[in-house]
There are 4 protein chains.
Amino acid sequence: MNNFQVQDPDYETRIHKSFANQTAMSTLGVSIVKLAPGMIEFAMPYAAIFTQQNGFLHAGILSAALDSACGYSAYTLMPKDADILTVEFKVNLLSPAKGQSFRFVGNVVKPGRTLIFSEGRAYAIDDGREKLIATMSGTMMTMLRTAAS
Amino acid sequence: MNNFQVQDPDYETRIHKSFANQTAMSTLGVSIVKLAPGMIEFAMPYAAIFTQQNGFLHAGILSAALDSACGYSAYTLMPKDADILTVEFKVNLLSPAKGQSFRFVGNVVKPGRTLIFSEGRAYAIDDGREKLIATMSGTMMTMLRTAAS
Amino acid sequence: MNNFQVQDPDYETRIHKSFANQTAMSTLGVSIVKLAPGMIEFAMPYAAIFTQQNGFLHAGILSAALDSACGYSAYTLMPKDADILTVEFKVNLLSPAKGQSFRFVGNVVKPGRTLIFSEGRAYAIDDGREKLIATMSGTMMTMLRTAAS
Amino acid sequence: MNNFQVQDPDYETRIHKSFANQTAMSTLGVSIVKLAPGMIEFAMPYAAIFTQQNGFLHAGILSAALDSACGYSAYTLMPKDADILTVEFKVNLLSPAKGQSFRFVGNVVKPGRTLIFSEGRAYAIDDGREKLIATMSGTMMTMLRTAAS
């Protein structure tokens, strides 16, 4: 793993505050379980209201959690005043999202001044056994809030 | 647009039935507004419980609706007994998802026996003006239910 | 199609000059056949030295031409002094690249100040019949050359 | 790393034979430097005939080598009689491809009967220092040659 330097020593408070404002995450039941420079980890319980036609977690719902994991891994390295935008992401779905709970990990691969590239992994925990079910690669953009805007 | 032939003349019933089983879509408030061979269109109202940190619709939530749009556009062309899996998708987020309602369109670009390639477009309707906010390209897989499985 | 405004009225000269410096494109035999604000079209003959194991054009070689098509479609809209970088692209390969010649089209979908999003399509011309064989979606970045760098 | 089981004990011969038929790879100067179940590594020298407008290796050329790396990592795990197709891939370009030589690594992440998901990494070696310059995620398809086809 990389050893990233944060620009904002108080990044943890900043992340928790921003995450609390992502109502989508609390609605999905996603919570932060680990946080470090350039990485974040989420947990999410299975929820019958977010399934696809076969009763498994919807691939798009998984992707929403993965998007936030990639985004917040990048956001740990951004300056205090920055906002963040997802530019793009790609998801590969390796196995059905069958499980009682899910784990999402986001890691920065390449931090840049404007763009940060992160990768995410989603795991299903099914009867106590964890399995990789999806991967994400995504580009995040640092938006500096200026006095004018 | 392409002129696709369906294998299942009763595909509309099959799509509506499968869609009704995607609790994720009803939870998001997504509904089918148009359906044709190789295409589907969804509508979704803004919902404050599905936003990111700035109050706009979460990119991952958008992607969930786009994933279903791509998936069901492909599913219109699949045989009666087939199930469907998303193999992968990529989303490019062009503008913040600012609006009172949203429209999602999925179109098959290349139907194949095992894999179907679809594209999706997401639009925000903000004060009556519609704007393209995201694109998706995705691969869907036909899963034939055999007697054994 | 969109009606894009160029920032550099002399964009055609700029594109041709930059393209001439992409030795990869001349090595592949790619040439510009159409150019307009936000779009470009290339032609490329089949070349036995760029095939995969079955004698068809290598998917990665196709992608190289598509990447340049997406890039130059974006570059038409950039300022005179800008350089361009590809941030990312995704390719979906729909059919084997079987043909005597190939056509590549790049179109800007969303121009932004820093990032430009383009889509590309690759066609094989086989015995006079044209077929869509691949699609690309890609993000391009405007790099402004400053006095200092 | 995963510990993959091959189906074809003679996979090394099969890979080398197929690779020798990819004229695109020999034209680019790519060679196999490591091979194991589910992984492959390539080397490629800088070549002035494959550059973009600034004299760095063209992103699309990089992607061609990465595509082959992902493809052959998957091909190690396929049955003796199988042919392989790239379904899709995405590349993220992290830094300009500046260097005297390049290294490409392809690793299977998830092997499936029909589809195999692989990831690739491209490195530039510049004045003896190696740097990650691009990542790929890609889906490969096993094509079984039947008596009929």
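Model, not experiment: these values are computed from the prediction. First the proteins, then the strands, lettered A, B, ... as listed; each starts at 1. Because only heavy atoms are used, hydrogens play no part in the values below, and waters and symmetry mates are left out as well, while side chains stay in.
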K.L.:
Quick check against the 3.5 Å criterion: does A/Thr27 have a side-chain atom that pairs as donor or acceptor with the backbone of B/Ile49?
P.N.:
yes
K.L.:
Please report the interatomic distance CG(B/Asn54) to CG(A/Asn21), rounded to the nearest 0.5 Å.
P.N.:
8.5 Å
K.L.:
Need one label for A/Tyr72: side chain, backbone, both or neither, based on atoms under 4.5 Å from any heavy atom in chain B.
P.N.:
side chain
K.L.:
Under a 4.5 Å heavy-atom cutoff, which of B/Gly60, B/Ala65, B/Ala24, B/Ala48 has the most pairs with chain A?
P.N.:
B/Ala24
K.L.:
What part of A/Val87 gets closer than 4.5 Å to chain B, counting heavy atoms only: side chain, backbone, both or neither?
P.N.:
backbone
K.L.:
Could you tell me if B/Ser68 and A/His58 have a donor-acceptor pair between their side chains, going purely by distance under 3.5 Å?
P.N.:
yes
K.L.:
One pair to check against side-chain hydrogen bond (donor to acceptor under 3.5 Å, both in side chains): B/Thr51 and A/Thr23. What are the steps and the verdict?
P.N.:
CA-CA 5 Å; B/Thr51 61; A/Thr23 63; 2.8 Å; yes
K.L.:
Could you go through residues 132-139 of chain A and list every donor-acceptor pair under 3.5 Å that involves a side-chain atom there, pairing it with any protein atom two or more places apart or in another chain?
P.N.:
{"residue": "A/Ser137", "atom": "OG", "partner": "D/Lys90", "partner atom": "NZ", "Å": "2.8"}
{"residue": "A/Thr139", "atom": "OG1", "partner": "A/Glu88", "partner atom": "OE2", "Å": "2.5"}
{"residue": "A/Thr139", "atom": "OG1", "partner": "D/Asn92", "partner atom": "ND2", "Å": "3.2"}

K.L.:
Within the side chain of B/Ser18, is there an N or O that forms a donor-acceptor pair under 3.5 Å with the backbone of A/Gln53?
P.N.:
no
K.L.:
Is chain A contacted by the side chain of B/Leu66, its backbone, both, or neither, given a heavy-atom distance below 4.5 Å?
P.N.:
neither
K.L.:
Check each atom of A/Leu94 against the heavy atoms of chain B and say whether the ones under 4.5 Å are side chain, backbone, both or neither.
P.N.:
neither
K.L.:
Can you sort out the partners of B/Thr86 under side-chain contact (heavy atoms from CB on, under 4.5 Å), two or more places apart, ordered by chain and number?
P.N.:
A/Leu93, B/Asp67, B/Phe89, B/Met140
